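None of the values given here were measured: they were computed from a predicted structure. Proteins get letters first, then strands, A, B, ... in listed order; numbering begins at 1 in each.
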Amino acid sequence: MWTFVSPKIVFGEDALDELLSVPIRRALIVTDRTIRELGLIEPIADRLGKIGATWEVFDGVRPDPDVPTVLAGADAARSFEPDWILGIGGGSPLDAAKAIWVLYERPDLQPGEINPFIDLGLRKRARLITVPTTSGTGADVTWAIVLTDPVEKRKMGLGNRENVADIALVDPSMAAGMPPRLTADTGLDALTHAIEGFICTWHTDMTDGLCVHAAGEILQYLLRAVEDGSDLEARTRMHHAATVAGLGFGNAMASIAHAMGHALGSTFEIPHGRAVALALPYTLEFAARETSDRAAVLAARLAISAKPGEAGTRALAAAVRGLISNVGNPGSIAEAGISREAFDGALDKLVSDAENDTQMITAPRSPSSEELRALFTTAYDGNAVSF
Amino acid sequence: MSFRFPSNEWIVELSRLLNESPSYESSAKDWEGDFVFVVEPDDGFAETAYLYLGLRHGKSTGGALLAAPDERPTEYRISAPFGVWRKVIEGELDPIQGMMMRKLKLDGNLMKIMRYPKAAKEIVSCCADVPTMWPGN
Ligand SMILES: [Zn+2]
């Protein structure tokens, strides 16, 4: 027995108009300052105005939100008393909005206590709408909440199925202004979700098709969206694919590339999508050496290779490496600008953070500490995995 | 030789296997916190059993079948019907998925346990390595 959760998803051109038919009285908008400065709150505020709703903005979310940030947001919610919370932004504001909503409903909880094993009893005070402004995280439809522990500089994987949004407004116009680098980083995050959602040990019949579809779309359209931001077809396909990948991996899990990527991200401040995609080909090759044929199955479904086992997996890894390189992203930790000295100094922490990351639970092949160390070193140098 | 589940011998064997596992030791090197596994009755097993497992700094300090759950105070308690435990031990049910579906119930500080996913996985894999005999077989 297993479940699949999803918000009501309103997508495509003018998806924001759905707001006109939601009974909102008081909306707390959770976002970051960049989104506000880009004017992306206005189309939301316009529509809230039309339905006579009052709204307030909490724009204190920083990249990789931490515990103090969501506590401050929950305070803002308690004093404003919204009946809807609107998360607008990339993964950070959306994850923060989920956490703020939970803490507003459940002031007895600490952020670190938001886990999938308890009953939260949400939706007594407010409901949640998510509006993604990047095409990558899938956080608009997932229940996961990633918060950074500011003391240990480590990412905590939190969340509970109940805190999935009620409504996701997936309007491509909200992401149409992304600069090329952000388009590449976030798009590669979505690709990593699609692939890890498919190969992880928690994949199901309900998630496989979503992951295959999203991976195919991203392999086809990401380069176009990066090269020409005005290519609206590519933008729209990427925006939808990111949400589809979110539904896929969000109802399964991610895997080793996310565990390694979280460690790289919190240690070296490499953007999330850049970090996880960088790790992905190495982890695929590592898994295929011993256990899983899943990556080869995916390669076959994507018409990348019909070969089973390691050969098919290496073909998929090569396709990922090709896309990473074509969009101008780093294919190794060295290429990401990390000096050998800094890498060597951080290696123990990288290994221990990655092996204690919740995404490691669903790895198709569980690396030992030594193997994880070797994976990081191989990913630093950019070599193929041979162990 | 095989060990009947649930029994004193079975949990002692699990404790012994954990102490032979270098990957458990490295993944749980800072861990402090003992467990009681509560085996609740169902169609396959008519009684309630309490299995104590002591865990400290990457080693198991021992295992024992308890007469009552509070015979030794522990930080954690995981409760599930016998049939669910059997699925976990036979590798058919991921216990973390089981907890998400409320098939296993955990009492204790979950925030702490979530920091040691690899150690949890190692314990489950040691469970699968105990040659187990089931009631009725
Ligand atoms: Zn991701």
(message) Measuring from atom CH2 of W2(A) to atom CE of M101(B), what distance do you get when rounded to the nearest 0.5 angstrom?
(response) 6.5 Å
(message) Just verifying a value: how many Å separate M100(B) CE and M1(A) CE, rounded to the nearest 0.5 Å?
(response)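 Atom-to-atom, M100(B):CE and M1(A):CE are 11.0 Å apart.
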(request) Taking heavy atoms only and a threshold strictly under 4.5 Å, list by residue number the residues of residues 116-130 of chain B that touch chain A; give 'none' if the list is empty. (result)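 Residues in range: Y116(B), P117(B), K118(B), K121(B).
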Hey, is [atom1] on [X] packed in by over 12 heavy atoms from elsewhere, all under 6.0 Å?
X: D108(A); atom1: CG; answer: yes
X: E269(A); atom1: CD; answer: no
X: K59(B); atom1: NZ; answer: yes

(request) Please state whether the side chain, the backbone, both or neither of D357(A) comes within less than 4.5 Å of a heavy atom of chain B. (result) backbone
(request) Using non-hydrogen atoms and a 4.5 Å limit, figure out which bit of P367(A) sits close to chain B: side chain, backbone, both or neither. (result) backbone
(request) State, yes or no, whether a side-chain contact exists between S26(B) and S369(A) at a heavy-atom distance under 4.5 Å. (result) yes
(request) Examine whether an atom of D94(B) lies under 4.5 Å from a heavy atom of chain A, and if so say whether it belongs to the side chain, the backbone or both; otherwise answer neither. (result)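 For D94(B), the side chain is the part near chain A, not the backbone.
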(request) Name the region of I96(B), side chain, backbone, both or neither, that has any atom closer than 4.5 Å to a heavy atom of chain A. (result) both
(request) Write down the atom of I118(A), the atom of R102(B), and the distance for their closest heavy-atom approach. (result)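 Nearest pair, atom of I118(A) first, then R102(B): O-NH2, 2.7 Å.
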